[in-house]
Participant: 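Supplied in structure tokens, the structure appears directly below.
Bear in mind the structure is a predicted one, so any value in this text is a computation, not a measurement. As a basis for the values below, the full set of heavy atoms in this structure was taken, side chains included, without hydrogen atoms, waters or symmetry mates.
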Amino acid sequence: MIGIKTAGQLLNFGARMGEGPRAEEQLEGAVALHNILETHGVAYLADEVGMGKTYVALGAVALFRHFQPGFRVLFLAPRANIQQKWMKEFRNFVAYNLRYPDMRVAALDRQPARPLVSCENLIDFLHEALVDHERDFFLRLPSFSLALGDGADRGSWRRLRDQLQRELPWMPEGLFDLRSPKETFKENFARALCAAIPRFDLVVVDEGHNLKHGLGAGVSTRNRLVSLVFGRERVSGQDVQLPGYGPRAQRVLFLSATPLEESYEQIWNQLDVFGQGAKWTELRSRTATEEEKRQIAAQFLVRRVTSMRIGNQEWTKNLYRREWRRGGVRFHDEPLRMTDPRQRLIVALVQKKVAEVLDSEAFNMSFQVGMLASFESFLETAKVHVKAGTDADGAESTPSGGGESGTNFDDAEQTLGIANDRMRAAHREGIDVQDLNRLAADYRRIFGGEMPHPKMDGLVERLASAWTTGEKALVFVRRIRSVGELKRKLDERYDEWLIGGLRERLPASVRGALEELLAQYREEKLEVLESRRAADSRRAERVRRKGPAAHLPDPQAKEPVEAERTSEWDGPPDSKERGEPREPRDRVESDLEVHGDADDRGGTDTFFAWFFRGEGPEGVLSGASLQRRFLSASGAYATFFEENYVRYLLNAPCGGVADALARHLEMEPEGLQSELRRRASRYLRPRDRVPRRERMDAAQAAALELLAAREGELAEWAQVIRSARFLDTASPGPEWSGPDVTAGLEESTFFSELRSPGRAHLREAIWPEVTRGTISERFRESELRAQMLATAARLGHSLIDLYALVIARLDSLQLRQQEREDPAELIDAYLDLLERARTIPRDQRPWAAFDELSQIAQNFELILDVNLPTARTMPLAEAGRTFGALLREQQPVGGMSGSVNRTLVQQFRLPGYPLILITTDLLQEGEDLHTFCSAVHHYGIAWTPSAMEQRVGRVDRVRSLSDRRLNGSESDPEASSLLQIYYPHLEDTVEVLQVRRVLTRMNQFLRLMHEGLSIPQGDERRIDVHREIIADRRPVEAIRDRLRTAFPVPAWALRGERRKLAVERECAERIEGRFHSLINHQFEFPGLHWDPRTREGTLVGRALLSTGRQQSFTLRLLSSGDHPLVRCISPIGRCLQPGGSGGGADENRWVEGADEESVERILASARSLSAHLGAKLGKRPHTYDLTVEDDVLLGDPEYDIERVRLLLHRVVDRADSLERRHLDTDRPHAPFADDLAREGEAFDA
Amino acid sequence: MPDWRDLCRGIPRLRLSDDGKTVEVPIARGRFQRIEIRETSETFELSGVIARRSVLRTIEDAALRIWRRNRTTALVGFRIDARDRLVGEAWLPKAGVTRVEFVWVLRHIASECDLLEFHLTGRDRE
């Protein structure tokens, strides 16, 4: 047991969100979980959404591991995206929330001390566990579904069996009889897995409520397989065949903000899946009172209430959330208005049709919550064949939440209780769909347009202000088609705004050309739409015919890509055939690849996509063409977003940098020019004409070399910049008489001008000076900020301002006109434009480039934390590519269903596009969308309160926009700055019945979790119109009392006897000091050169051997139990030819095979050498794939040098010997250096 | 110079062989792993046999498996020796070696060899 004080010496939850009650609360949570797990073997963290349950759980894990370095942990996430999120958060936690690297949880370089392993499926898990079980494993729940086909040949069964037997050759074949029942086959597979995996000291189950139905009859096989893999049951008769089968989860930690829906039994069910239920059977007792059950649950279940401190008051979530329960989206607490008589008539007509359907004998005046199509749209509903994310198990082959092919709604699992197949199918389609489709077709035939839908139109009207306010909104729908329909309508509104703005801002002289372009855009868009409609009609026709292949792609489709696309919002639209690529494209293609945004294909969704992204229209200076020019190495804009480092270091005026450099170096100008030319030539490829940016880079690199050779802080800065930016670009080739590069020192760039004193306020707003850390850390952060700023400025909403400015200055849309531009003048004009926006209050002007860039700057840390934590350590060039890849293909409105679009999710966590994200329940759980969004629209309502709560939880989180805006503010906030929750619906329709039902249940859920009451059980997913229509019709008000928890942290769980940490900060620092002092020694080599690519816990070097040969190596400081340990890795080279089976499940991942001949040759070379070979395999190509590796323990410091000497010779001599024998070469150090420096880094996986 | 037999002395359930070249290290449930210990002028070299040629021949991609394992396993390395046996190996410098270190490495190699043997052959381990 651990106490708060001791834990606080190791954990620092305030590192990123600031010290204060929240950080203290998280620390308490971590300690309590640790102690509850130690006492009971099970704990349940049920904190409200957004309180940082992940971090609290990681805190508990860290406490265990700090005191027990061998502590094994497995994380079970509900979905693939959340699995990745856990790994990201784990790295963040280790990097920031441990007070110091203790070498047990955090290695010295602030990476996790144990490697993290992401398992794509159960076979992958098995393989990885067999390779090395002393790592942290991340699995996902759908992998346990183990989808096996029903084909007669049982191909998928056979594959699974073969894969298993390849991993476990001793597994008895009889266990996997292909003729056995499917369930038996699956269960034996799970038992076999259990037998082979290690026992985990802790299993962390995220969103544990997914297991709330436990192992009862009729419950998914998935839960049973989880229970078998973790050895819940002892299997009589199997023991002989399966040695080692038994419990695999010594402790289990469940996490969920919504641990139960209706009764405490659902909590017991979750415990039971892992064999932890025996001690808590009272939770399912029929005789125990609810209060008794609450007291039992409170022994291991902890729930804290989220709150904000506003104006000296604690505001719980029901107080800082502003709910729009009456249905309106324009005025709070008012219903949606229908002012247009035609709208009213249409709604009345649809209601009549719905009433007729409900009144039919089949439906008996009832429907499933959220599953009437007319609540969301009056358009025709053709069945959607949803493309789903799959893993190698095939387990995620259905849409999120249990929806399935053939349903028009997401989360259609609520219909599982309907026994009659025909009725279930009708509800999944939407019982009003067929009538609605007939009405919509008639309406279009008679009136030539679409039936207006007041709710959809009202929401679109509300959201269409986003481009001028920059406010983000998250919209949840149930009907899958609604995603595309809402997006299309919003895209149209966006086009109106963008085109109107361009007409206004571009000079009169280009308006004619602009109108021609608009006509071209509309024509192309129409073609695409018609093609989509045709494909939809054909698909709908096939569905109507109910042919066996109704959901398969249309074989007659003229455009297979379009026809097979599952929706128009799925990804980059059409690839535009517009003739040969133009000159600029050829020239900048490689630059685009360098910047990570090469494959943006634009599209016709919006004018922005067509004109500002991808290739853009031919023959004109489009936004797309302009943004590509910023990446080109030559031309007027080539150095626009570069940085003139030398000018900055010398604090010299533009035009006076070379003189200042000569003075600083005490050289004659001619001598300097010649020296620069000589040095710069090593950074340039010999050719006749050197592009502008390359010339500038070479000049900078050469000048930095000269500056770095002096003494003092300036030299230190020069060395840091040179190492980080230019070291890799130096070529070891022969020198050539390159061009004079002095002009490259005088370039005026966006960032060098932003540094000028007159721009101080603007700089503070968009590129604030980094003042914390070492010179290296300061430079790195400043450079990362500059890279992200430049990328945002040329790829998103900000590009519109820059484009309008450029065209206004050129007064032309002709491509060639760009070269007339004076870059220095354009930089000034652009900075003036940003400065003007800065000085005009936000409410007096539309949201603009300045706002996007300043939001990025002011929240840069948060942005990296949530999107790109590894950017902090990856090479700068790679970080630039990563930012480019993140910000490419921006769209003002994003839509998602079927499978998660990672880029769109990450972009939504940034300022700028997408401003609106429309999604099915796909994003309901786990995904953080809170950083710049504080509005949620439940356009299609979910049927459980927990689902509704999970949805809001995406934006109601620690460090969310609302949190940053409200928490700690002095006075009561404006209503508009609260977190806005909308329930758009029409009061005069039956939809109001379902909204009322769900709101009532949400209130009940709050009471249950906060007062310990349970909800009366019943069929809550179904609405009985007869009963509900005559029930109390008053609006369901939100609970306005401050919330209190029914499950506080038990006092005993915060007390512990441990007073001292296992590894103190000083101890870790001492060991690190010993390690880094190794560079002062030669270790009896004729020569030993240390590489500058050194970082905490890693040294890279090159040894010259007595044979005259050389051998590279890296030393890493690790630990084994309580012992510090040094690992030496020395590369042999690329020896493993791809090929062979490799033994894995995922063919893409298993670049890991090697052909037998390669392996045999290596074995023959290595047989007589006692060398431990390492195969470095994976997706990313490396400069070596075979190594020699070994370790030595560090003991008394007195023996460090002697021990490392032995280690180095042991490894380096053997690696060199193998290189000579096997490859007959002696490769130099340079090619290996980067990969050696990155050994063990997270992004190198 | 330290004598490794002295370093082993007094460790419960550790059994030294009569010829003084090997030691049997207890793993679990009464099972032992036999570890051979050789000396050089500067090091103790520890090794244990995991699978002989006949067993190794039945295992697909055995070499690649162990080379990948070597990337992640600390203190212990695996290789196929000149007699086509799969062996686990560890070493300690004599300089400054302590009893705690020696026993740590000894137990480590024993349990890693035992585990790999289980993974490859299914022999009971717990």
Participant: Considering only heavy atoms, which portion of B/L120 lies under 4.5 Å from any heavy atom of chain A: side chain, backbone, both, or neither?
Facilitator: backbone
Participant: Check B/E45 with A/R1210, please: is the shortest side-chain N to carboxylate O separation under 4.0 Å?
Facilitator: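 Salt bridge present between A/R1210 and B/E45.
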Participant: Does any donor atom in the side chain of B/R69 or A/H1172 lie under 3.5 Å from an acceptor atom in the other side chain?
Facilitator: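 Their side chains do not contain a donor-acceptor pair, so the 3.5 Å distance test is not met.
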Participant: Where on B/S47 is there a heavy atom nearer than 4.5 Å to chain A: the side chain, the backbone, both, or neither?
Facilitator: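 When you check distances to chain A, no heavy atom of B/S47 falls under 4.5 Å.
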Participant: For B/F118 and A/W170, which heavy atoms make the closest approach, and how far apart are they?
Facilitator: O-NE1, 3.3 Å
Participant: Mind checking salt bridge (Lys or Arg N to Asp or Glu O under 4.0 Å) for A/D1196 and listing every partner two or more places apart, or none if nothing turns up?
Facilitator: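 With neighbours one apart ignored, the set is empty.
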Participant: Rounded at 0.5 Å granularity, tell me how far CG in A/L1163 sits from CG in B/D81.
Facilitator: 11.0 Å
Participant: Please flag which part of A/L126 lies under 4.5 Å from any non-hydrogen atom of chain B: side chain, backbone, both or neither.
Facilitator: neither
Participant: Relative to chain B, which segment of A/R114 carries a heavy atom at a distance below 4.5 Å: side chain, backbone, both, or neither?
Facilitator: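 Neither part, no heavy atoms under 4.5 Å.
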Participant: Any donor and acceptor pair, going by atom type alone, linking the side chain of B/W91 with main-chain N or O of A/L1207 inside 3.5 Å?
Facilitator: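 Side chain of B/W91 to backbone of A/L1207, a donor-acceptor pair under 3.5 Å: no, none is there.
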Participant: Side chains of B/W104 and A/S1120, heavy atoms from C-beta outward: is any pair under 4.5 Å?
Facilitator: yes
Participant: Can you confirm whether A/R1203 sits close enough to B/V97 that some side-chain heavy atom of one is under 4.5 Å from a side-chain heavy atom of the other?
Facilitator: yes
Participant: Assess, by modelled atom type and distance only, whether the side chains of B/E101 and A/H1123 contain a donor and an acceptor separated by less than 3.5 Å.
Facilitator: no
Participant: Using the side chain to side chain contact (heavy atoms under 4.5 Å, CB included) definition, which of the options B/H119, B/R65, B/E60 pairs with A/E167?
Facilitator: B/R65
Participant: Go through the structure and list residues passing salt bridge (Lys or Arg N to Asp or Glu O under 4.0 Å) with B/R99, not counting sequence neighbours.
Facilitator: none
Participant: What distance do A/R166 atom CZ and B/I59 atom CD1 have between them, rounded to the nearest 0.5 Å?
Facilitator: 14.5 Å
Participant: Give me the atom names and distance for the closest heavy-atom approach of B/T72 to A/R135.
Facilitator: CG2-NH1, 4.2 Å
Participant: Taking only Lys NZ, Arg NE, NH1 and NH2, and the carboxylate oxygens of Asp or Glu, determine whether B/D84 and A/R1167 approach each other closer than 4.0 Å.
Facilitator: yes
Participant: Tell me whether B/D19 at atom CG has more than 12 heavy atoms from other residues, nucleotides or ligands lying less than 6.0 Å away.
Facilitator: yes
Participant: Rounded to the nearest 0.5 Å, what separation is found between the CG atom of A/L1193 and the CG atom of B/L75?
Facilitator: 5.0 Å
Participant: Under a 4.5 Å cutoff for heavy-atom pairs, which residue among A/L168, A/L1118, A/I1162, A/I1129 has the most contacts with chain B?
Facilitator: A/I1162
Participant: Could you pull out the closest heavy-atom pair between B/W67 and A/L1136, with the gap in Å?
Facilitator: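 Closest approach of B/W67 to A/L1136: CZ3-CD2, 4.0 Å.
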Participant: Regarding A/E128 and B/R68, does a basic nitrogen lie under 4.0 Å from an acidic carboxylate oxygen?
Facilitator: yes
Participant: If I measure from the heavy atoms of chain B, does A/L1125 come under 4.5 Å with its side chain, its backbone, both, or neither?
Facilitator: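 Side chain only.
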Participant: Begin from the C-alpha positions of B/R71 and A/E1239 and carry the test salt bridge (Lys or Arg N to Asp or Glu O under 4.0 Å) through to its verdict.
Facilitator: CA-CA 10 Å; B/R71 291 273 300 163; A/E1239 281 283 353; 2.9 Å; yes
Participant: So, does B/N70 use its side chain to make a donor-acceptor pair with the main chain of A/G1174 at under 3.5 Å?
Facilitator: no
Participant: Taking all non-hydrogen atoms of both residues, which atom of B/A63 and which atom of A/V1159 are closest, and how far apart?
Facilitator: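 The pair with the smallest heavy-atom distance is CB-CG1, 3.6 Å.
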Participant: With chain B, which of A/L1186, A/L130, A/D132 has the greatest number of heavy-atom pairs at distances under 4.5 Å?
Facilitator: A/L130
Participant: Does B/E42 reach the side chain of A/H1209, with side-chain heavy atoms less than 4.5 Å apart?
Facilitator: no
Participant: If you draw a 6.0 Å radius around CZ in A/R1074, do more than 12 non-hydrogen atoms from other residues or ligands fall strictly inside?
Facilitator: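 More than 12 heavy atoms, drawn from other residues, nucleotides or ligands, come within 6.0 Å of this atom.
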Participant: Within a strict 4.5 Å, meaning less than it, do heavy atoms of the A/S1170 and B/R79 side chains meet?
Facilitator: yes
